[in-house]
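Worksheet: the structure to be examined is printed underneath.
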Amino acid sequence: MSSRALPNLLVTGTPGTGKSTFVHRLVAEARGFRAIDVGELVKAKQLHEGWDEEYQTYVLDEDKLLDELEDEMEAGGVIVEYHGAELFPERWFDLVLVMRSDNGVLYSRLTSRGYSGKKLEDNIEAEIMQLILDEARESYREEIVVELQSNTVEDLDSNVERTLSWLRSRTENRAAGSAEAPMEQSQPRDRCVM
């Protein structure tokens, strides 16, 4: 159990799985929390080593990013949004949420963003192979990693409510000196392959 008054969450998943939408809703409804979009932070503070033409993205400077975030993470109440999980120290997070989407849904979301070619293929393949989920499970304690389906508005509503319920429960248990309950795993749905 960490000594932070408010927990830190990592919201991760393949691009297009609904991380940003989920985080915006969660921060709007959870008092005292602030969001950090790693991609935006990297651009704003130039925490990168340059531009990758093939993937049309910045090449992250991991050391600069971790140094930038260290003090903020110690304070608590931070929801970090990023498309990877293994980069961050385990001690930073009390809950790791891995957003997952069916391939057809993900394909539509990514093509509407202008993804094509290798970037599109690599991201669809990463979701099919559940690379981010496996990365999270290898990087953090099993009981703090939760897979959330993110295909519909109903999924979004349910995911926000489940997470808010966990946050309330954690705050109440901490105040009462009780053990913290893990967030329940959702039942994964069958995956559709394109």
Side-chain angles (χ1 to χ4, degrees), residues 1-39 41 60 62 65-101 126-127 129-151 155-189 191:
M1 181 189 302
S2 77
S3 62
R4 295 183 288 267
L6 291 173
N8 289 329
L9 283 67
L10 173 61
V11 178
T12 189
T14 305
T17 55
K19 297 179 301 294
S20 295
T21 303
F22 172 76
V23 168
H24 287 120
R25 277 272 310 272
L26 189 59
V27 168
E29 297 185 37
R31 289 189 224 195
F33 286 85
R34 62 200 173 287
I36 296 176
D37 177 330
V38 170
L41 181 66
L60 176 65
E62 294 179 7
L65 174 66
L66 295 175
D67 288 346
E68 180 71 27
L69 291 175
E70 182 70 42
D71 291 339
E72 196 155 357
M73 297 307 294
E74 296 226 357
V78 178
I79 302 172
V80 174
E81 174 193 343
Y82 188 55
H83 61 264
E86 66 186 2
L87 167 65
F88 306 106
E90 182 179 7
R91 65 183 156 70
W92 279 7
F93 299 107
D94 302 285
L95 184 64
V96 176
L97 302 173
V98 182
M99 310 304 282
R100 302 290 313 277
S101 293
E127 186 66 7
M129 302 299 292
Q130 71 181 31
L131 295 180
I132 305 299
L133 179 61
D134 290 345
E135 184 180 288
R137 287 177 173 160
E138 291 169 7
S139 300
Y140 301 97
R141 296 181 326 277
E142 178 182 348
E143 66 270 14
I144 72 166
V145 177
V146 178
E147 176 182 4
L148 296 176
Q149 291 301 308
S150 178
N151 295 305
D155 289 343
L156 173 64
D157 292 341
S158 174
N159 292 338
V160 169
E161 187 49 47
R162 285 182 61 209
T163 306
L164 289 170
S165 178
W166 180 85
L167 290 170
R168 283 189 295 272
S169 173
R170 185 186 184 282
T171 302
E172 290 165 5
N173 287 344
R174 180 170 284 273
S178 304
E180 295 174 11
M183 188 165 152
E184 291 182 25
Q185 294 287 337
S186 59
Q187 297 301 315
R189 297 185 194 150
R191 292 249 171 273

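If you're wondering where the values come from, they're calculated on a predicted model, not measured in any experiment. Hydrogens, waters and symmetry mates play no part in the numbers below; they use all other heavy atoms, side chains included.
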If you take all heavy atoms of [X] and [Y], which pair is closest and at what distance?
X: Leu164; Y: Ala30; result: CD2-CB, 3.7 Å
X: Phe22; Y: Leu156; result: CA-CD1, 3.7 Å
X: Met99; Y: Val11; result: CG-CG1, 3.9 Å
X: Trp166; Y: Pro7; result: CZ3-CG, 3.9 Å

Under the side chain to side chain contact (heavy atoms under 4.5 Å, CB included) criterion, do Arg141 and Glu90 qualify, and how do the steps go?
CA-CA 8 Å; Arg141 296 181 326 277; Glu90 182 179 7; 2.8 Å; yes
Can you measure from [atom1] ([X]) to [atom2] ([Y]) and round to the nearest 0.5 angstrom?
X: Glu81; Y: Leu10; atom1: CD; atom2: CG; result: 10.0 Å
X: Ile144; Y: Arg137; atom1: CD1; atom2: CZ; result: 13.0 Å
X: Glu74; Y: Leu69; atom1: CD; atom2: CG; result: 11.5 Å
X: Leu9; Y: Asp94; atom1: CG; atom2: CG; result: 7.5 Å
X: Glu161; Y: Leu26; atom1: CD; atom2: CG; result: 10.5 Å
X: Leu87; Y: Trp92; atom1: CG; atom2: CH2; result: 7.5 Å

Verdict with reasoning, Glu72 to Arg4, per salt bridge (charged side-chain N to carboxylate O under 4.0 Å, His left out)
CA-CA 11 Å; Glu72 196 155 357; Arg4 295 183 288 267; over 6 Å; no
Qualifying residue, where the test is side chain to side chain contact (heavy atoms under 4.5 Å, CB included) with Val80 and the options are Val38, Val96, Val23:
Val38
Going by the side chain to side chain contact (heavy atoms under 4.5 Å, CB included) test, name the single residue among Phe33, Phe93, Phe88 that passes it with Asn8.
Phe93
[Y] backbone acceptor or donor facing [X] side chain under 3.5 Å:
X: Thr21; Y: Gly18; answer: no
X: Glu135; Y: Ala85; answer: yes
X: Asn151; Y: Ser101; answer: no
X: Thr12; Y: Val98; answer: no
X: Thr163; Y: Asn159; answer: yes
X: Thr14; Y: Ala126; answer: no

Tell me, do Asp157 and Arg25 make a side-chain contact under 4.5 Å, heavy atoms counted?
yes
[X] bridged to [Y] by N-O distance under 4.0 Å:
X: Arg168; Y: Glu29; value: no
X: Lys19; Y: Asp37; value: no
X: Glu127; Y: Arg100; value: yes

